[in-house]
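All remarks here apply to the structure that follows.
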Amino acid sequence: MYRQLTSQQRSQIFALLQRKTQRKEIAIIVGCSQSTLCRELKRNSTAKGNYLWEKAHAKALERRKRTTSSKKLDSVMVWRIKQMIIDHQWSPEQVRGVLAKESVSVSIHINADESGELHRHRRRPDFRRRPKGERKPTKATNIPNRTSINKAI
């Protein structure tokens with residue numbers, strides 16, 4: 001399971017770097033993988049390349065704040081999305097686009113609908129078979145009096 005480094009681990013990294021300890025040993029002492037340690041040093045070092053654990057921890061907390069979290073939609077929004085899908089026969093992408101214009105960000109999973117109602121109304125890729133008697137597309141033919149692009153120059 002993924003766990004972010006704590007402020008204590010960052011202070012340990014800082015102290016061990018000051019003693020010129022090898023990165024492999026630092027990773028073992030701190031209790032993280034070498035790749036996690038390298039990523040930590042790369043992301044949270046100063047512009048000059050120094051690792052200061054207080055600043056590193058502040059940077060990490062700032063990044064954590066910026067991430068979006070999944071929130072459950074209120075019942076009114078769920079009802080509205082269902083109406084768009086059922087009444088208008090819109091795809092999840094179309095619903096998402098309409099809501100994005102209203103500054104609402106959603107992720108729509110039709111298969112997660114408990115009642116199964118949305119699943120029946122979902123749009124499928126156009127892999128339908130042609131009804132009998134419908135013509136197949138004609139094959140491309142040569143254009144009469146066509147001039148090659150190479151000859152036109």
Original post:
Roughly how far apart are C32 SG and Q12 CD, rounded to 0.5 Å?
Top reply: 9.5 Å

Original post:
Among side-chain atoms of N44 and R63, is any donor-acceptor pair under 3.5 angstrom?
Top reply: yes

Subject >> By side chain to side chain contact (heavy atoms under 4.5 Å, CB included) - contacts of D74 (at least two apart) >> reply: V76, M77

Original post:
Less than 4.5 Å apart, any side-chain heavy atom of K42 and any of R39?
Top reply: no

Original post:
Just wondering, are more than 12 heavy atoms of other shown residues or ligands nearer than 6.0 Å to NZ in K59?
Top reply: yes

Subject >> Single-linkage hydrophobic cluster, 4.5 Å side-chain cutoff, L16 and I28 together >> reply: no

Original post:
Once you round to the nearest 0.5 Å, how far does NZ of K55 lie from CD of E62?
Top reply: 14.5 Å

**OP:** For T6, check side chain to side chain contact (heavy atoms under 4.5 Å, CB included) against everything at least two apart and list the hits.
**Re:** Q8, Q9

Subject >> Qualifying salt bridge (charged side-chain N to carboxylate O under 4.0 Å, His left out) pairs, either residue in residues 9-22, two or more places apart >> reply: R10-E40

Original post:
Sub-3.5 Å donor-acceptor pair from the side chain of Q94 to the main-chain atoms of S91, do we have one?
Top reply: yes

Would you tabulate the side-chain donor-acceptor contacts of residues 97-104 under 3.5 Å, counting partners in other chains and residues two or more places apart, or write 'none'?
unit_1, atom_1, unit_2, atom_2, d
E102, OE1, R80, NH1, 3.0
E102, OE1, R80, NH2, 3.0
E102, OE2, R80, NH2, 2.6

**OP:** Group every Ile, Leu, Val, Met, Phe, Trp and Tyr by side-chain heavy-atom contacts under 4.5 Å, then state whether V78 and W90 land in the same group.
**Re:** yes

Subject >> Hphob cluster co-occupancy, M84 + W79, side-chain heavy atoms under 4.5 angstrom >> reply: no

**OP:** Name all residues meeting the side chain to side chain contact (heavy atoms under 4.5 Å, CB included) criterion together with L41; count only those two or more places apart in sequence or in a different chain, and write none if there are none.
**Re:** I13, L17, R23, L37, S45, Y51

Original post:
Hey, is CD on Q18 packed in by over 12 heavy atoms from elsewhere, all under 6.0 Å?
Top reply: yes

